[in-house]
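To start, the structure itself, in structure tokens.
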Amino acid sequence: MYQKFIITQEGVLRFGHVYLHRDLLRAGETCPNGGGLWTIDEGRRALLLYGRSFDFGKPNFGALRSVDWSGVGGQPLELIYQPHWPNVEVEMRVW
């Protein structure tokens, strides 16, 4: 299982431990806004988002409307996207 995320058609950012990004979808949902991988940065108390979904493509954070924290323990954390991972010199705060 892998730490993956998606952004649904309703703009919900959802996290989970799954094999495929599509396993994060609920009945009737689609994922036109992409996804990627995530890991926890304990030092910054943040979730680092990186990569892209092979199923749904690069994440579109402009479509983000809400975050479902249940897949990462239920506690909100700062979200940081690293678009050129593993090059960590460029990153942007998402939430």
### Ion pair check, E78 and R93, cut-off under 4.0 Å
yes
### Nearest heavy-atom neighbours spanning N60 and I7
O-CD1, 3.6 Å
### Task
Starting at CH2 of W95, measure out to CD1 of I80 and round the result to the nearest 0.5 Å.
15.0 Å
### Message
For D55, is there any backbone N or O sitting under 3.5 Å from a side-chain donor or acceptor partner on S53?
### Response
yes
### Task
Check for a donor-acceptor pair, side chain of T8 on one end and backbone N or O of V12 on the other, with a separation under 3.5 Å.
yes
### Summary
Taken to the nearest 0.5 Å, the spacing of L37 CG from H21 NE2 works out to 5.5 Å
### Query
When rounded to the nearest 0.5 angstrom, what is the spacing between OH in Y50 and CG in N87?
14.5 Å
#### Entry: Sidechain-backbone polar pair: Q9 side chain, T30 backbone, donor-acceptor under 3.5 Å
yes
## Note on the structure
Residue pairs meeting salt bridge (charged side-chain N to carboxylate O under 4.0 Å, His left out), one or both in residues 79-88, sequence neighbours left out, come to none
### Message
Please report the interatomic distance CG(L24) to CD(E29), rounded to the nearest 0.5 Å.
### Response
9.5 Å
#### Entry: Euclidean distance, D41 CG relative to Q82 CD, rounded to 0.5 Å
8.0 Å
### Message
Please give me the minimum heavy-atom distance between P76 and R45, naming the atom from each residue.
### Response
O-NH2, 4.3 Å
### Task
Take F5 and L79 through the side chain to side chain contact (heavy atoms under 4.5 Å, CB included) test and state the conclusion after the steps.
CA-CA 12 Å; F5 73 89; L79 297 175; over 6 Å; no
### Atom CZ of R52 with >12 non-hydrogen neighbours under 6.0 angstrom
yes
### Query
How far apart are the closest heavy atoms of A46 and L77, and which atoms are they?
CA-CB, 4.3 Å
### Message
For the aromatic rings, using the six-membered ring if either is Trp, is the centroid distance between F61 and Y81 under 6.0 Å?
### Response
yes
### Task
Could you state whether V94 and L47 fall into the same hydrophobic cluster, counting links through intermediate Ile, Leu, Val, Met, Phe, Trp or Tyr residues with side-chain heavy atoms under 4.5 angstrom apart?
yes
### Message
Please give me the minimum heavy-atom distance between F15 and L49, naming the atom from each residue.
### Response
CE2-CD2, 3.7 Å
### Task
Ignoring hydrogens and angles, tell me if any N or O in the side chain of W38 forms a donor-acceptor pair with the backbone of K4 under 3.5 Å.
yes
### From C31 atom SG to L25 atom CG, the distance as rounded to the nearest 0.5 Å
6.0 Å
### Query
Minimum heavy-atom separation for E91 to V88, with atom names?
OE1-O, 4.1 Å
### Task
Just jot down the salt bridge (charged side-chain N to carboxylate O under 4.0 Å, His left out) partners of D68, sequence neighbours excluded, or say none.
R14, R26
### Message
I'd like to know if Y2 and F56 are part of one continuous hydrophobic network [Ile/Leu/Val/Met/Phe/Trp/Tyr, side-chain heavy atoms within less than 4.5 Å].
### Response
no
### Closest non-hydrogen atom pair between P59 and G51, with its separation
CD-O, 3.7 Å
